[in-house]
Protein chains: 2
Amino acid sequence: MALRRAATELFAAQGVEATSAEQIAERAGVTLRTFYRHFPSKHDVLFADYDSGLQWFRKALAARPAGEPLVASVRAAIFAFPYDVQAITQMAAFRAEQLDPERIVGHLRLVEADLAEAIVEHLEHRLEDAAGRRLDIVVTGRSIAAALFGTMEVWMAADDRSLGDLADLSHATLDALEAGLDEQGMFRHR
Amino acid sequence: MALRRAATELFAAQGVEATSAEQIAERAGVTLRTFYRHFPSKHDVLFADYDSGLQWFRKALAARPAGEPLVASVRAAIFAFPYDVQAITQMAAFRAEQLDPERIVGHLRLVEADLAEAIVEHLEHRLEDAAGRRLDIVVTGRSIAAALFGTMEVWMAADDRSLGDLADLSHATLDALEAGLDEQGMFRHR
DNA sequence: CAAGGTTTTGTCAATCATGACAATATGCCT
DNA sequence: AGGCATATTGTCATGATTGACAAAACCTTG
């Protein structure tokens, strides 16, 4: 979309905050109002691929074999994700102060909430006795998401880590979670 | 504060969304800009007591006996909270459609994040070997917060529950968490 | 091609929110 | 009281965001 390109170019040239939504619209040859019909907010241009990524994750999760333990499924889906180098570069740019940290954290919270919801849905579909266990399911889904994002934020707080390090940390976190859930004999798939 | 009173009155009289920030400022005899110096946003008037509540929780947590298991401390702090009838009434008003559910959820996320942070800080202070366990600590704190708020939202989704029911649900959730953490021998206080 | 319906865009007008700087008020010191 | 230092408020200007409704573009079918 033209708006997307215009925004990306302007952001790169003069920074995100120094670029007004109106400039973007103008450069793309449309009205300001039209810009806001395509993106819920100026900053959402940066996270435009997000929805498709979320869909990808949902499908990957749904495609896991039936008997697999939950945490293993989540792990598999997360690590199979076709990470977009572009997106990662963008994230790196954020860390380099292009963007208010508050905003990044805010966005991460949304992503975390969506991840949690995806896991919850997955469980609702897979568990035989889902109906009577809504609370267990919600708590489990959210805890897993919280643990993963906690891990990511601990990782982000240190400056000298590679993506591989993050993967290692995530694995460790997931292992611990799996042990905890397993002990209670909970959350194996149908 | 006069602003607070003005806002509350107007909100009650004509609803939150139908009240503009300017009206509030005017009724309180100040400028719009001044209103925004006292409240970060129009809706934050509704959550004005929030900070003091958070402080209360932090202190309650810090005051728990040294050897107590983490989950027990969190439980004790939460259930000892001097719940403000006013605030609960307000929450009821929210549920009665005064306010966009999105906004309520957004606020809950902030509260959840703060609760998680409070727990994390508590652990940092109490654990002997906190230095080398940042990841464990963050993951634990966030998981507990996520579980509690997941419980609350499951509760909120049903219309026929009492506050006592919420308390029961929370207890059950905390018990499960405690069992899980205990199994791994983690997170006992110094 | 034309009529009629659907989708997308433009226009207009509010409101929300915030930075910069001037004007004022307030408390405290002598 | 007089006068500075600090905190609070007013003014002005700009940008973000959104609802309502008109106008234009596009599509489908006869």
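Letters A, B, ... mirror the listed sequences (proteins, then strands); counts begin at 1.
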**OP:** Please state how far atom OH in B/Tyr36 lies from atom P in D/dG15, giving the value in whole angstrom units.
**Re:** 18 Å
Subject >> Distance in angstrom units between A/Arg33 CZ and C/dT15 C1', rounded >> reply: 13 Å
Subject >> Nearest-neighbour nucleotide for the B/Ser20 side chain, D/dG10, D/dT9, C/dT15 considered >> reply: C/dT15
Subject >> Spacing of A/Glu26 atom CD relative to C/dT11 atom P, expressed in whole Å >> reply: 13 Å
Original post:
Within this structure, what is the NZ-to-P distance between A/Lys42 and C/dA17, rounded to whole angstrom?
Top reply: 16 Å
**OP:** Rounded off to whole Å, could you give me the CD-to-P distance for the B/Gln23 and C/dT15 pair?
**Re:** 8 Å
Subject >> Cluster link A/Leu54 to A/Phe81, ILVMFWY, side chain under 4.5 Å >> reply: yes
Subject >> Heavy-atom side-chain contact between A/Leu169 and A/Arg161 under 4.5 Å >> reply: yes
**OP:** Figure out the CZ/P separation between A/Arg37 and D/dA20, and round it to whole Å.
**Re:** 13 Å
**OP:** Would you tell me if any nitrogen or oxygen in the side chain of A/Thr34 comes within less than 4.0 Å of OP1 or OP2 on C/dT9?
**Re:** no
Original post:
Between atom CD in A/Glu22 and atom P in C/dT9, what is the gap in whole Å?
Top reply: 17 Å
Original post:
Would you say the side chains of A/His107 and A/Glu112 form a donor-acceptor pair under 3.5 Å?
Top reply: no
Subject >> d(CG, A/Leu32; C1', D/dA20) in whole Å >> reply: 16 Å
Subject >> Short side-chain N/O contact from A/His43 to OP1 or OP2 of D/dA16, under 4.0 Å >> reply: no
Original post:
Given the rule in the side chain to side chain donor-acceptor pair (under 3.5 Å) test, do A/Tyr50 and A/Asp114 qualify, once you have shown the distances and angles that lead to the verdict?
Top reply: CA-CA 11 Å; A/Tyr50 172 64; A/Asp114 284 338; 2.5 Å; yes
